[in-house]
Amino acid sequence: MEAAALSRIGLAGLAVMGQNLALNVAEKGFPISVYNRTTSKVDETLDRAQTEGQLPLTGHYTPRDFILSIQKPRSVIILVKAGAPVDQTIAALSAHMEPGDTIIDGGNEWYENTERRIVEAENKGLLYLGMGVSGGEEGARNGPSLMPGGSFQAYNNIKDIVEKVAAQVEDGPCVTYIGTGGSGNFVKMVHNGIEYGDMQLISEAYDVLKNVGGLSNVELAEIFDEWNKGELESFLVEITADIFKVKDEHGEGELVDKILDKTGMKGTGKWTVQQAAELSVAAPTIAASLDCRYLSGLKDERENAEKVLAEAGMKDDVASVRSGVDKKRLIDDVRQALYASKICSYAQGMNLLRAKSVEKNWNLNFGELARIWKGGCIIRAVFLDRIKKAYQRNPNLASLVVDPEFAKEMVQRQAAWRRVVGLAVSAGISTPGMCASLAYFDTYRRGRLPANLVQAQRDLFGAHTYERVDREGVFHTEWTKLARNKS
Ligand code: 6PG
């Protein structure tokens, strides 16, 4: 006999994200069963459920007890490390599940793994969702952005739960059914790629303000706080302001200056760039952010290069550039450069999503994606409402850059943007994200590019042929013969 009071849903995997999401579900009034292979985590979660408001959460110590404690058709969220641990958890749990039950993977999983598991689940009569969850620990506990893809029926089974658990913004909960297959994971992956781009662009703004503008951490905190009240209002700008305020408890000054300049990563940004290349979509800002993480890792080599190049006569030009700078104007220019660079980065991410959506027939709704990123997730920002509206105005928008509203904003900001990039280049302060965005903009907006010359070269050395601007057809020319015979 099954126990009388069954839970509405289950969650397996009680590391930081799992614990917090389970408590969030319980707090929204949905009784939840939890399970973890290491049983101390179950007890820890039970304790928290008690102290955080006697929440309706029950702990289970075997996969069987756990599964049998959930009401049918069962929905079970798993939040374990992506890859093999997901397969192991599915094997352990699905042995006790029945046709019609659902597995929901909430990790940062590679979308093809989800597509494989969907088929495996179907073979057992089980339903499957790959659900991107964004917002870190705080988001999981109080309202994340959720990106579920896979079985529509499985989504409908948990719709009432996820709509309450997700972050709430003025135009609804930050969750929507993304599409079939691995679309939920793919959308989350691109969210992370955009997150890499945003973080890189912010770090470049910091670098320019600090080194060209000479701003102190106190001033930087003020500026980022100020920016967070305007068009740049976002979670990442807000936390950046906070970071500049934290003093170093082990010494003088602020902690940020004591942090080793090597960025870690778990892989979703790399997947985004790989997918962009696979789909022939230009994503230079996101790629620049990834390259910067790689270069940041070469700390010893960078220190050595600094030394070798100084010995070879490299001069530090920052001081001379700084002396000619109007600080107030620089701050305002950097704000505009950051905003314009962001638009280009989001354009790249959205266009990658569109290419994949066409390839996989996912029918992604870009306005809805921008909407569910307005709250809960790491890239949440006021600016996403403008992106939502751009796609509502035109669901087939070729690029955010040519949306009439964004186009106006780009034009208004381009002079400032060029000044910042120009100053950074002359000071020798690398701004790969801002430069990549600007080059993307300048390439995309030009009706005529020097690609004609590349085509001519290809035709010359490989007879790859070319098209003409003035007549139909495919052409080949004996370039060398003609060029040399002439003279
Ligand atoms: C989120 C984040 C999260 C991601 C971290 C770390 O949306 O909550 O994207 O899922 O794991 O940001 O990513 P990296 O370690 O690759 O920087």
Side-chain angles (χ1 to χ4, degrees), residues 13 15-22 24 77-83 85-86 104-111 113-114 130-149 162 165-167 169 174-176 178 182-203 234-240 243 259-276 283 285-297 345-346 349 352-353 369-381 384 433:
V16 178
M17 291 296 282
Q19 272 191 29
N20 284 295
L21 191 63
N24 181 355
I77 301 173
I78 57 180
L79 265 164
V80 296
K81 214 166 163 304
V86 175
I104 304 148
D105 173 18
N108 272 330
E109 187 54 277
W110 172 235
Y111 84 101
N113 285 344
T114 293
M131 180 169 76
V133 178
S134 179
E137 186 177 347
E138 210 272 329
R141 180 66 184 84
N142 297 313
S145 175
L146 300 172
M147 293 151 251
V162 289
V165 162
V169 288
C174 292
V175 60
T176 191
I178 303 291
S183 59
N185 294 123
F186 195 91
V187 166
K188 175 64 195 334
M189 177 198 80
V190 174
H191 162 285
N192 283 20
I194 292 174
E195 170 187 307
Y196 276 43
D198 273 352
M199 293 166 81
Q200 174 64 28
L201 292 171
I202 290 173
S203 76
S234 59
F235 171 71
L236 286 169
V237 167
E238 182 188 341
I239 63 165
T240 303
I243 287 168
I259 296 181
L260 183 66
D261 49 334
K262 265 185 174 180
T263 314
M265 68 182 116
K266 298 200 196 70
T268 44
K270 180 174 166 181
W271 291 344
T272 306
V273 174
Q274 285 173 327
Q275 280 295 297
T285 313
I286 299 172
S289 69
L290 181 70
D291 288 341
C292 269
R293 290 195 183 199
Y294 293 148
L295 286 168
S296 80
S345 182
Y346 280 65
L352 170 55
L353 286 172
L369 297 184
R371 184 189 68 74
I372 67 166
W373 289 344
K374 279 176 60 180
C377 63
I378 305 296
I379 65 169
R380 63 183 182 261
L384 279 157

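Bear in mind the structure is a predicted one, so any value in this text is a computation, not a measurement. One is the number of the first residue; the rest follow in order along the sequence. Whatever order the structure lists them in is the order used to number ligands and atoms, beginning at 1.
T268 and N108 share no donor-acceptor pair across their side chains, judged by distance under 3.5 Å alone.
Every atom of ligand 1 with a heavy atom of N108 under 4.0 Å away is listed here by number and element: 3 (C), 4 (C), 10 (O), 11 (O). Set against the non-hydrogen atoms of M265, the atoms of ligand 1 under 4.0 Å away are 14 (P), 15 (O), 16 (O). Residue G136 approaches ligand 1 through these ligand atoms, each under 4.0 Å from one of its heavy atoms: 8 (O). Residue N192 has at least one heavy-atom neighbour below 4.0 Å for each of these atoms of ligand 1: 4 (C), 7 (O), 9 (O), 10 (O). Remark: ligand 1 atoms within the under-4.0 Å shell around heavy atoms of I378 are 1 (C), 2 (C), 7 (O), 8 (O). Against a heavy-atom cut-off of under 4.0 Å, H191 is close to the following atoms of ligand 1: 7 (O).
Not one N or O on the side chain of E137 forms a donor-acceptor pair closer than 3.5 Å with the backbone of M17.
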task = Please step through side-chain contact (heavy atoms from CB on, under 4.5 Å) for the pair V237 and D198, ending with a clear verdict.
result = CA-CA 9 Å; V237 167; D198 273 352; over 6 Å; no

ask   = What do the steps show when you test M147 against S134 for side-chain contact (heavy atoms from CB on, under 4.5 Å), and what is the final call?
value = CA-CA 8 Å; M147 293 151 251; S134 179; 3.9 Å; yes

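Note that OG of S145 and NZ of K188 are 9.0 Å apart. Values are rounded to the nearest 0.5 Å. Here the OG-CD1 distance, from S289 to I202, works out to 12.0 Å after rounding to the nearest 0.5 Å. Here L352 contributes atom CG and M189 contributes atom CE; the two are 5.5 Å apart, rounded to the nearest 0.5 Å. Here the CD-CD1 distance, from E138 to I378, works out to 9.5 Å after rounding to the nearest 0.5 Å. The structure places OG1 of T114 at 3.5 Å from CG of N185, a figure rounded to the nearest 0.5 Å.
Residue contacts with ligand 1 for T263 are absent, since no atom lies close enough (heavy atoms, distance under 4.0 Å). Residue contacts with ligand 1 for R293 involve side-chain atoms from C-beta outward but no N, CA, C or O (heavy atoms, distance under 4.0 Å).
Protein heavy atom closest to atom 6 (C) of ligand 1, with residue, atom name and distance, is K266 NZ, 3.6 Å. Protein heavy atom nearest atom 8 (O) of ligand 1, with residue, atom name and distance: G135 N, 3.0 Å. The protein non-hydrogen atom at the shortest distance from atom 16 (O) of ligand 1 is Y196 OH, 2.5 Å. Nearest to atom 7 (O) of ligand 1 among the protein's heavy atoms is S134 OG, 2.4 Å.
The closest heavy-atom contact to atom 9 (O) of ligand 1, among the options K270, R380, E195, M199, comes from E195. Of the candidates M189, M147, K188, M17, K188 brings a heavy atom nearest to atom 10 (O) of ligand 1.
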